[in-house]
Protein chains: 2
Amino acid sequence: MGMALSGHERRQAKKREEILAIATELFLKEGYGRASMDQVHARLGGSKRTLYNHFPSKEALFEAIVSRVSDRVLAALQPSLGDSDLQDALNRMGKDYLSALLSPDGLALYRAMVSEAPHFPELARTFFENGPSRASHHLAAFFREQKVIGNLDVDDPQIAAEQFLGAVRGDIHLAAVLSAKKFTSKVIEKSVAQVVGLFLRGAGH
Amino acid sequence: MGMALSGHERRQAKKREEILAIATELFLKEGYGRASMDQVHARLGGSKRTLYNHFPSKEALFEAIVSRVSDRVLAALQPSLGDSDLQDALNRMGKDYLSALLSPDGLALYRAMVSEAPHFPELARTFFENGPSRASHHLAAFFREQKVIGNLDVDDPQIAAEQFLGAVRGDIHLAAVLSAKKFTSKVIEKSVAQVVGLFLRGAGH
DNA sequence: CAGATACGGTACAGTATCGTACATTTCAAG
DNA sequence: CTTGAAATGTACGATACTGTACCGTATCTG
């Protein structure tokens, strides 16, 4: 790894980044349907041919964008489940999870995937696997550990994890997706704390 | 109510229904952006002018569609919380709620609203108020009753209701939205049952 | 320096979009 | 039967979209 890049390759990579940066902003803001290659080209300047040299079609450009933003957002979806207190771990985990979902990129990515899933089934599939599914599996593994130790008593850790995260999303996530209204971290923390409280009373010890 | 309809009014109303039926199918299947007035006109037959006489613009037609489908779907979101056993009531309620969300119209409506919320903020607002918000308020009222009776012990019934419904949705709803995969009622029932079980252990008595 | 490669700028094809115009025809009411 | 509203059929504007063609310029490599 770390292959030396020739001048042309560096130049090409730089243009590619420039295109992706501009197109990402536009696509996430306007959505796939309303964003146009002409708009990308207008903000990018230069020739339309270079744009189509880097990305042979609008779909290809969209897929590249989603792939990049996914990596950026979904990385924050499997936060540290440290070895501290169980309650603290769940609280921090829930807060990080919800914060990632409510970030501008998180919301835009969610909208884009829900909107275009029927036309990009493969993309939707990998999004689900690497995003929500991965997050719940991560938490489920933690639940299994805690179950072995005896800190937790749940039937099916996998389903429990999915439902814990669902409860954390609550109505807040959908409200944010629909209205672009901001939620303070106070509200997030309080909501998460109540989920954790109820969950531990139901499954703790 | 029950105003006598003249012949012209009946005729007009019938055409309006015909347009709405065709357009609803198309818009829910293709989404607002990909569906076109020309497609509606092609399937409808007749003149384009009549189409535009009933609905002055594509946006107006979309709003009428969403309003109708909302009424149809969201009616099933506040199912009966009968006066029977608490556990049974929650199970039946959760199953009805999730079934409505996973119905073809429920999924299509959800996709449409998430997709177009930025461009139809007013519509998105009423959708949220009459849909998810109303459902959680309905359940919260039930929780308050049960709290008074002493069957339930929750801090904030409203938040508890939102989180209960969020847990019921779990990952199933998103998976259905993204992949159009069907879920059997067996899976739904089992998932709901586990939520109810955990919830009642945490907040019961 | 010579040749290859990427980039710039503009024009264009071909199609699709929303919405309108206009002359004609069906249909219900008085 | 007369009158007026609703529906028809089809042709258009005007614009926007994706993707291509052509030709000149700049930048890196050998």
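Letters A, B, ... mirror the listed sequences (proteins, then strands); counts begin at 1.
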> Do Gln158(A) and His137(A) make a side-chain contact, defined as non-hydrogen atoms from C-beta onward lying under 4.5 Å apart?
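Result yes, sub-4.5 Å side-chain heavy-atom pair found.
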> Just jot down the ring pair (Phe, Tyr, Trp, His ring centres under 6.0 Å) partners of Phe55(A), sequence neighbours excluded, or say none.
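For Phe55(A) there are no ring pair (Phe, Tyr, Trp, His ring centres under 6.0 Å) partners, ignoring immediate neighbours.
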> What residues in residues 49-57 of chain A put a non-hydrogen atom under 4.0 Å from any atom of DNA chain D?
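Those residues whose heavy atoms fall under 4.0 Å from DNA chain D, taken from residues 49-57 of chain A in numerical order, are Tyr52(A), Ser57(A).
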> Within a strict 4.5 Å, meaning less than it, do heavy atoms of the Arg125(B) and Glu129(B) side chains meet?
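Yes, at least one pair of side-chain atoms sits under 4.5 Å.
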> Walk along nucleotides 24-30 of chain D from 5' to 3' and tag each nucleotide B, S or - by protein heavy-atom contact under 4.0 Å, base first, then sugar-phosphate.
---BSS-
> What is the distance from CZ of Phe62(A) to C1' of dT18(D), rounded to the nearest Å?
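Checked: the CZ to C1' distance equals 17 Å.
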> Among residues at least two apart in sequence or on other chains, which ones pass salt bridge (charged side-chain N to carboxylate O under 4.0 Å, His left out) with Glu59(A)?
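By the salt bridge (charged side-chain N to carboxylate O under 4.0 Å, His left out) rule, Glu59(A) matches no residue at all.
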> Do Phe120(B) and Phe127(B) have their ring centres less than 6.0 Å from each other?
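No.
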> To the nearest angstrom, how far is Glu59(B) atom CD from dT17(C) atom C1'?
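Roughly 14 Å, once rounded to whole Å.
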> NZ of Lys58(A) versus P of dT20(D): gap in Å, rounded?
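It is 15 Å, rounded to the nearest whole Å.
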> Might you work through the salt bridge (Lys or Arg N to Asp or Glu O under 4.0 Å) test for Arg92(B) and Glu189(B), ending with a clear yes or no?
CA-CA 9 Å; Arg92(B) 196 177 56 241; Glu189(B) 282 176 21; over 6 Å; no
> What is the minimum heavy-atom distance between Pro132(B) and Leu77(B), and which atoms define it?
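Closest approach of Pro132(B) to Leu77(B): N-CD2, 4.4 Å.
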> So among Tyr97(B), Phe183(B), Tyr110(B), which one has a ring-ring contact (aromatic ring centres under 6.0 Å, His included) with His173(B)?
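Between His173(B) and the candidates, ring-ring contact (aromatic ring centres under 6.0 Å, His included) is satisfied uniquely by Tyr110(B).
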> Gln12(B) has an atom CD; how far is it from atom P of dT8(D), in whole Å?
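That distance rounds to 12 Å.
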> Quick check on contacts: within residues 30-42 of chain B, what sits under 4.0 Å from DNA chain C by heavy-atom distance?
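Ala35(B), Ser36(B), Met37(B), Asp38(B) - these, ordered by number, are the residues of the stretch whose heavy atoms sit under 4.0 Å from the strand.
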> What distance do Asp38(A) atom CG and Lys58(A) atom NZ have between them, rounded to the nearest 0.5 Å?
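The distance works out to 10.0 Å.
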> If a stem is a run of at least 3 consecutive Watson-Crick or G-U pairs, both distances under 3.5 Å, which stems include DNA chain D?
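Output for stems: C:4-30 with D:1-27.
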> What integer distance in Å separates Arg16(A):CZ from dC7(C):C1'?
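Going from CZ in Arg16(A) over to C1' in dC7(C) covers 17 Å.
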> When the ring planes of Phe199(A) and Phe164(A) are compared, do they come out parallel, tilted or perpendicular, using 30° and 60° as the limits?
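Phe199(A) vs Phe164(A) ring planes: perpendicular.
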> Which of these, Gln12(A), His54(A), Arg68(A), sits in a side chain to side chain donor-acceptor pair (under 3.5 Å) with Glu17(A)?
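The passing option is Arg68(A).
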> When all nucleic acid strands are considered with a 4.0 Å heavy-atom cut-off, which category describes Lys15(A): base, sugar-phosphate, or nothing?
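Here Lys15(A) touches the backbone only, sparing every base.
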> Mind listing the closest non-hydrogen atom pair of Asp171(A) and Ser136(B) along with its distance?
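Residues Asp171(A) and Ser136(B), closest heavy atoms: OD2-OG, 3.6 Å.
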> What about Lys48(B): does its side chain form a donor-acceptor pair under 3.5 Å with the base of dG19(C)?
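Pair found.
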> So Ser191(A) and Val168(A), do their side chains get closer than 4.5 Å, heavy atoms only?
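Not touching, per the 4.5 Å side-chain cut-off.
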